[in-house]
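Scroll down for the structure; my scribbles are underneath it.
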Number of protein chains: 2
Amino acid sequence: MQIDNNILITYGGYAIKYEKEAMIFHEGDLPNYYYQVLEGTIKVYTSNAEGKTLAQSIFKNGDSFGEPPILLSLPYPNSAKAKEESTIIRIAREGLLDIIRDYPEIAQEMLFTFAKRIYDKSKSAQIWVSTTPEEKIVQFLKNTPSYNQETPQLVPYTRKQIAEFTGLRIETVIRTLIKMHKEKKLNIINHKIYY
Amino acid sequence: MQIDNNILITYGGYAIKYEKEAMIFHEGDLPNYYYQVLEGTIKVYTSNAEGKTLAQSIFKNGDSFGEPPILLSLPYPNSAKAKEESTIIRIAREGLLDIIRDYPEIAQEMLFTFAKRIYDKSKSAQIWVSTTPEEKIVQFLKNTPSYNQETPQLVPYTRKQIAEFTGLRIETVIRTLIKMHKEKKLNIINHKIYY
DNA sequence: CGGTTACTTGACTAGCTTCAAGCCTTGTGG
DNA sequence: CCACAAGGCTTGAAGCTAGTCAAGTAACCG
């Protein structure tokens with residue numbers, strides 16, 4: 001989902017810079033803005049009382065995030081933070097609704113973006129039916145865009161990130177990856193993972 | 001999401017009856033139709049190789065389901081089956097796209113339905129960060145519509161269903177509910193659960 | 001070069017899953 | 001109205017294994 005920056009600015013949008021690790025919104029907050037990444041990396045995640053976190057999505061240049069709560073005017077079900085120094089354009093709810101009203105093609109694009117997001121979340125449910133760590137990791141990797149059997153690819157995630165997406169502990173991820181490497185299900189060269 | 005039945009029929013939709021336990025589509029199938037429940041109960045779920053299943057959603061009268069794959073023309077990420085004898089209106093992809101084109105208010109309603117569905121899926125991520133069975137069950141119950149602290153409510157799910165939604169084994173659900181009952185966190189009267 | 005973050009390894013343990021067996025409840029048909 | 005079947009619920013015992021804790025090592029960044 002990407003709304004043209006000029007349209008956003010015309011309807012009252014403006015850019016904001018976030019430092020690395022800065023919070024954009026917290027679980028439970030009431031939403032005020034539509035957000036679109038101009039530059040940087042945003043992580044949306046859920047955390048529980050003990051501080052354990054589960055990564056839900058990563059958003060980069062051009063991606064919008066947090067649209068469902070702003071459209072529905074419901075408290076955020078998750079939190080968002082900048083993973084690196086990032087610039088984000090934000091616009092108030094009214095401005096977003098005006099844009100949707102004035103530009104049917106943007107509303108349509110948003111519909112398809114939402115469809116894709118539901119689709120991806122449904123697919124990642126495979127992670128939660130999986131009983132073994134190996135299966136969870138495989139399911140997670142299958143859902144990454146660069147995954148295909150043709151040529152070996154560098155896995156673009158750290159072990160910690162894999163742990164955050166699959167709900168496993170980092171030690172379990174490490175041990176499982178080593179086991180899979182021994183069983184020749186993937187390759188580890190110089191700490192880097194290839195599939 | 002609900003499209004007026006007359007509109008569906010005008011654009012080529014028609015009703016189909018499914019017996020109890022009949023499959024509507026399977027994970028991996030290419031989608032051909034938009035489905036809307038006229039009567040009955042449809043379960044959408046994911047299953048893994050060992051036959052363990054994870055319930056993703058229940059759809060009833062008026063609800064549509066399986067829209068993201070049909071819009072995106074991507075293989076179903078999950079399966080759907082009738083939990084009881086059900087009647088469903090279905091319509092081919094072209095008809096659905098025509099309706100979206102001809103009725104902007106339906107496209108708009110679909111946008112908000114999708115937003116709600118993403119929202120609910122994001123919330124249910126709380127189940128997957130939870131480390132203990134009790135926490136998972138509590139998070140699941142919190143996401144049920146009838147949940148509120150005001151008056152005690154009958155939990156409208158069987159233990160087996162709670163297990164299917166939380167990814168726990170039924171024995172674990174039973175033991176956890178009994179423990180919670182002893183700790184007065186909920187009530188069990190005659191096998192029925194109240195919160 | 002120093003600090004931070006990621007990665008690794010080993011030992012131990014809690015507690016969920018599994019297996020097995022039986023009880024309870026509900027709906028159906030004769 | 002009763003008997004039976006099917007599915008849901010319950011319990012106990014045992015085993016596995018992912019999580020936890022601790023103590024490092026290795027890579028990366030400014």
Side-chain angles (χ1 to χ4, degrees), chain A residues 19-21 41 43 48-55 81-85 127-140 154-182 186-194, chain B residues 19-21 41 43 48-55 81 83-85 127-140 154-183 186-194:
Chain A
E19 299 302 319
K20 185 176 175 178
E21 298 298 303
T41 308
K43 177 171 105 172
N48 70 359
E50 293 105 58
K52 183 181 176 185
T53 72
L54 183 78
K81 75 154 66 156
K83 288 310 290 175
E84 53 184 331
E85 189 177 302
I127 294 173
W128 315 121
V129 240
S130 301
T131 50
T132 66
E134 175 170 335
E135 234 183 297
K136 282 178 200 255
I137 292 173
V138 169
Q139 291 300 339
F140 168 68
L154 176 67
V155 173
Y157 296 96
T158 66
R159 280 135 243 254
K160 194 184 167 209
Q161 286 175 320
I162 295 174
E164 282 195 332
F165 271 102
T166 56
L168 299 167
R169 304 275 107 183
I170 188 170
E171 296 95 327
T172 304
V173 171
I174 289 168
R175 286 190 254 257
T176 305
L177 288 173
I178 291 172
K179 195 196 85 199
M180 290 172 74
H181 179 216
K182 281 181 187 160
L186 48 75
N187 233 318
I188 299 175
I189 301 168
N190 212 279
H191 294 188
K192 298 194 188 309
I193 311 160
Y194 298 85
Chain B
E19 299 302 317
K20 185 176 176 180
E21 298 297 303
T41 308
K43 177 170 107 172
N48 70 0
E50 293 104 56
K52 184 181 175 185
T53 71
L54 184 77
K81 75 154 68 155
K83 288 309 289 174
E84 54 184 331
E85 189 176 302
I127 293 173
W128 314 122
V129 240
S130 301
T131 48
T132 65
E134 175 170 336
E135 234 183 299
K136 281 177 200 259
I137 291 172
V138 168
Q139 292 300 339
F140 168 69
L154 176 67
V155 173
Y157 296 96
T158 66
R159 279 134 242 253
K160 195 183 166 207
Q161 288 175 319
I162 296 175
E164 282 195 332
F165 271 103
T166 57
L168 300 166
R169 305 274 108 183
I170 188 171
E171 296 94 327
T172 304
V173 171
I174 288 168
R175 287 188 253 256
T176 304
L177 288 173
I178 291 173
K179 196 196 86 200
M180 291 172 73
H181 179 215
K182 281 182 186 158
E183 295 170 355
L186 49 75
N187 233 317
I188 299 175
I189 300 168
N190 211 278
H191 295 186
K192 298 193 188 311
I193 310 160
Y194 298 84

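In what follows, chains carry the letters A, B, and so on, assigned in the order in which the sequence lines appear, proteins first and then strands, with residues in each chain numbered from 1. Small disclaimer: the values here were computed from a predicted structure and weren't measured.
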For this session: With the side chain counted from C-beta on, respond yes when B/E21 and B/E84 share a heavy-atom pair under 4.5 Å apart, and no when they do not.
Result: no
For this session: Would you work out how much the helix from C/dC1-D/dG30 to C/dG30-D/dC1 bends between its ends, with each end axis defined by five base pairs, to 10 degrees?
Result: 60°
Say you draw a straight line from [atom1] of [X] to [atom2] of [Y]; how long is it, rounded to the nearest 0.5 Å?
X	Y	atom1	atom2	result
A/K20	A/E85	NZ	CD	10.5 Å
A/E50	B/T131	CD	OG1	4.5 Å
A/T158	A/I193	OG1	CD1	8.0 Å
B/Q139	A/N48	CD	CG	8.5 Å

Problem set entry | Among C/dT9, D/dG8, C/dA6, the nucleotide that comes nearest once only the side chain of B/K160 is considered | D/dG8
Seminar exercise, completed: Nearest heavy-atom approach of A/Q161 to A/P156 is OE1-O, 4.1 Å
Problem set entry | Distance-minimising heavy-atom pair for A/L54 and A/W128 | CD1-CH2, 3.7 Å
Whole angstrom value for the distance that separates [atom2] of [N] from [atom1] of [X]:
X	N	atom1	atom2	value
A/L177	C/dC7	CG	C1'	11 Å
A/I162	C/dA6	CD1	P	13 Å
A/K136	D/dT17	NZ	P	14 Å
B/I170	C/dA20	CD1	P	17 Å
A/I137	D/dA18	CD1	C1'	12 Å
B/E84	C/dT28	CD	P	12 Å
B/I174	C/dG22	CD1	P	17 Å
B/E135	C/dG15	CD	C1'	15 Å

Problem set entry | Under 4.0 Å protein heavy-atom contacts per nucleotide of nucleotides 20-30 of chain D, with B for base, S for backbone only and - for none | BBB---SSS--
For this session: Assess whether atom NZ of A/K52 is packed by more than 12 heavy atoms of other residues, nucleotides or ligands within 6.0 Å.
Result: yes
Taking only distance into account, with no hydrogens and no angle test, what donor-acceptor pairs under 3.5 Å do side-chain atoms of residues 164-179 of chain A form with protein atoms, sequence neighbours excluded?
unit_1: A/E164; atom_1: OE1; unit_2: A/K43; atom_2: NZ; d: 2.8
unit_1: A/E164; atom_1: OE2; unit_2: A/K43; atom_2: NZ; d: 3.2
unit_1: A/E164; atom_1: OE2; unit_2: A/T53; atom_2: OG1; d: 3.2
unit_1: A/T166; atom_1: OG1; unit_2: A/I162; atom_2: O; d: 2.8
unit_1: A/T166; atom_1: OG1; unit_2: A/L168; atom_2: N; d: 3.4
unit_1: A/T176; atom_1: OG1; unit_2: A/T172; atom_2: O; d: 2.7
unit_1: A/K179; atom_1: NZ; unit_2: A/E134; atom_2: OE1; d: 2.9

